[in-house]
Amino acid sequence: MTSKGLPGFRDFPPADLALRNYIFAVWRQVASRYGFEEYDGPPLEPLELYTAKSGTEIVGQLYNFRDKGDREVALRPEMTPTLARMVAERANGLKKPIRWFSIPQLFRYERQQRGRLREHFQLNCDLIGEAGPLADAEIIALSIDMMRGFGLGPTDVRVRLSDRRALTAILKQRGVAEEGMQAAYQFIDKIERMRREDIDKLKDEVHPFAPATVSDLEAVAKIRGLTAVEEALQGAPGGDASIAPLRRTLAALEAMDLAEWIDVDFTVVRGLAYYTGTVFELFDAQRTLRAICGGGRYDTLLASLGGVELPALGFGMGDVVLGELLKDRDLRPAVGPTIDLFLVAVTEADSPHALRLAHELRDAGLRVEYAFTPGAVGKQLKLADARGARLAVVIGPDDRARGEVQLRDLAGSTQSSVPVGTLAIRCRELLMRTA
RNA sequence: GUGCCUGUAGCUCAAUUGGUUAGAGCGCCGCACUGUGGCUGCGGAGGUUGCGGGUUCAAUCCCCGUCAGGCACCCCA
């Protein structure tokens, strides 16, 4: 063994690449059902694309260096800034709403754990130019249908849904000032991971979200379900308006028959400061893995990143956690070599004829293999079986004398003599039948 | 970046409180089997016990370091 790969970076031997390709295929198929178009951007970007909005502390978590042209550059840690630039440059000419998706490989320099590496592929779906709650429902429905595309149901995966507008209204009513809002978000985000005693310890301290207390925020974090949200907003100024989008988003999801996937849960805040409305995450129902997907509405981000005022929302869904979940649930597609046909030469004198047939059949579009070394017919058939062939063609001196070959269906163990000239057609017929 | 835990064959795991040549199942290769596969039987290859150092007559086992993986923090842009 000469050298290992870098920590957090993956090799993809055929079985692993098959899973990755399968994930990509489902992503693309479902995205296209929603009318989403695929785009891509450069994996390497100017460093300032990521520091401009988020500050310089972010540099510690990304792969950045100075290139030979003395430019500060970084491997992309997320797709949204690239998307913002692309949309801003073309905003005037694009019909709204814009439905775009991408599957970028993203990089971040962090200590890896299960489900979190230093690179991953992340499906990004964004809906830009629509502020109404049907857009929120559309994006959430898309994320759910991604799960359904993999054979996962509402007992496997849960959508945890919250709304910053309703949450903010509740917090305001509890006395949280504008300046303390971010701190309150972060506290609520963290609260379910904290131990009872650690929460109690904080109760005597002075917090930026005062006069709201730790107990107030605990109560907010416990809110579950739309009714509980409505109750919490009873009598709050502007309370009814703040909950209207969530209410209409839920109604739309119900109309799509997807309500059973949704848990309204105000502990879902998302770390990102830029979310302005709906926020949601998808988790495995057992909660043994990290988030499968996270997203929300970011109506002001495009203005600050790309200088164009467009409401937008979207989500990111990584291939790593999803892959873990598919493995856990045994929902991986079958792997291994699969070919249509294996050619068996009975004697060495038959080999040139097998080679000619192999080439002709490959030209006809069939997936064909044969043994490289002569051997017993039984041995060659064993190899055919191991290679996943559906058909075998046996060519021997007797067959050749008659201008025929033996065509064997390996699954059904049926065999017949076929004139060489009609072999390709007969193969096609058999393959169609067993497909 | 911090703390804790774990590293034995391709995979899953054994190996008496530290004791001779580190084993098994699966997988892989070969043979039985030169005109018909899946099964079965037999055989074979494959290990610097992650790596480096230390303690000891003796280390897979104990100690230190390092690398890798896992868990919890941090972060999740």
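The structure presented is a predicted model; accordingly, all values stated were derived computationally and were not measured. Chain letters run A, B, ... following the sequence lines, proteins first, then strands; residues in each count from 1.
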* Asked: So, for A:Ala141 and A:Leu258, which heavy atoms are closest and what is the spacing to 0.1 Å?
  ->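 That closest heavy-atom pairing would be CB-CD1, 3.6 Å.
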
Could you tell me how far [M] sits from [N] if I compare only their [atom1] atoms? Round to whole Å.
| N | M | atom1 | result |
| --- | --- | --- | --- |
| B:G44 | B:U6 | P | 37 Å |
| B:G52 | B:U12 | C1' | 29 Å |
| B:G46 | B:A9 | P | 15 Å |
| B:U48 | B:C29 | C1' | 24 Å |
| B:A72 | B:G19 | P | 35 Å |
| B:C64 | B:G3 | P | 14 Å |
| B:G25 | B:G41 | P | 11 Å |
| B:G18 | B:U60 | C1' | 11 Å |

Can you check the [X] [atom1] to [N] [atom2] distance for me, whole Å?
| X | N | atom1 | atom2 | value |
| --- | --- | --- | --- | --- |
| A:Gln61 | B:C75 | CD | P | 9 Å |
| A:Leu381 | B:C39 | CG | P | 14 Å |
| A:Glu110 | B:C74 | CD | C1' | 9 Å |
| A:Tyr185 | B:C76 | OH | P | 16 Å |
| A:Tyr50 | B:C76 | OH | C1' | 16 Å |
| A:Met194 | B:A72 | CE | P | 17 Å |
| A:Lys382 | B:U40 | NZ | P | 11 Å |
| A:Arg116 | B:C71 | CZ | C1' | 12 Å |

[N] - base-pair partner by Watson-Crick or wobble geometry, distances under 3.5 Å:
| N | result |
| --- | --- |
| B:C61 | none |
| B:G37 | none |
| B:U48 | none |
| B:G3 | B:C71 |
| B:G43 | B:C29 |

So [X], base contact, sugar-phosphate only, or nothing? Heavy-atom distance under 4.0 Å.
| X | value |
| --- | --- |
| A:Ala376 | sugar-phosphate |
| A:Ser413 | base |
| A:Pro77 | base |
| A:Pro397 | base |
| A:Gln380 | nothing |
| A:Gly8 | sugar-phosphate |
| A:Gly396 | base |

* Using the benzene-type ring in the case of Trp, are the ring centres of A:Phe24 and A:Phe121 under 6.0 Å apart? ->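 Distance test on ring centres: under 6.0 Å, yes.
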
* Asked: When the aromatic ring centroids of A:Tyr370 and A:Phe342 are compared, is their separation below 6.0 Å?
  ->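 No: the rings miss the under 6.0 Å criterion.
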
Side-chain donor-acceptor contacts of residues 79-86 of chain A below 3.5 Å, not counting sequence neighbours, with atom names and distances?
{"unit_1": "A:Thr82", "atom_1": "OG1", "unit_2": "A:Glu45", "atom_2": "OE2", "d": "2.8"}
{"unit_1": "A:Arg85", "atom_1": "NH1", "unit_2": "A:Glu45", "atom_2": "OE1", "d": "2.7"}
{"unit_1": "A:Arg85", "atom_1": "NH1", "unit_2": "A:Glu45", "atom_2": "OE2", "d": "3.4"}
{"unit_1": "A:Arg85", "atom_1": "NH2", "unit_2": "A:Glu45", "atom_2": "OE1", "d": "3.4"}
{"unit_1": "A:Arg85", "atom_1": "NH2", "unit_2": "A:Glu45", "atom_2": "OE2", "d": "2.8"}

Is there a side-chain polar atom (N or O) of [X] under 4.0 Å from OP1 or OP2 of [N]?
| X | N | result |
| --- | --- | --- |
| A:Gln415 | B:U36 | no |
| A:Lys190 | B:C74 | yes |
| A:Lys379 | B:C31 | yes |

* Taking the side chain of A:Gln113 as its heavy atoms from C-beta onward, which of B:G35, B:C73, B:G1 lies nearest to it? ->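 Looking only at heavy atoms from C-beta outward on A:Gln113, the closest nucleotide is B:C73.
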
What orientation do [X] and [Y] show, parallel under 30°, tilted 30 to 60°, or perpendicular over 60°?
| X | Y | answer |
| --- | --- | --- |
| A:His207 | A:Phe209 | parallel |
| A:Phe107 | A:Tyr63 | perpendicular |
| A:Phe150 | A:Trp27 | perpendicular |

* To do: Please say which of A:Glu130, A:Glu138, A:Glu38, A:Glu37 ends up in a salt bridge (charged side-chain N to carboxylate O under 4.0 Å, His left out) with A:Arg99.
  => A:Glu138

* **Closest-nucleotide 5' rank along RNA chain B - winner of A:Val346 and A:Gly115** =>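 Taking each residue's closest nucleotide, the earlier one in sequence belongs to A:Val346.
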
* **5'-most by nearest nucleotide on RNA chain B - A:Leu6 or A:Thr347** =>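 The 5'-side residue here is A:Thr347.
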
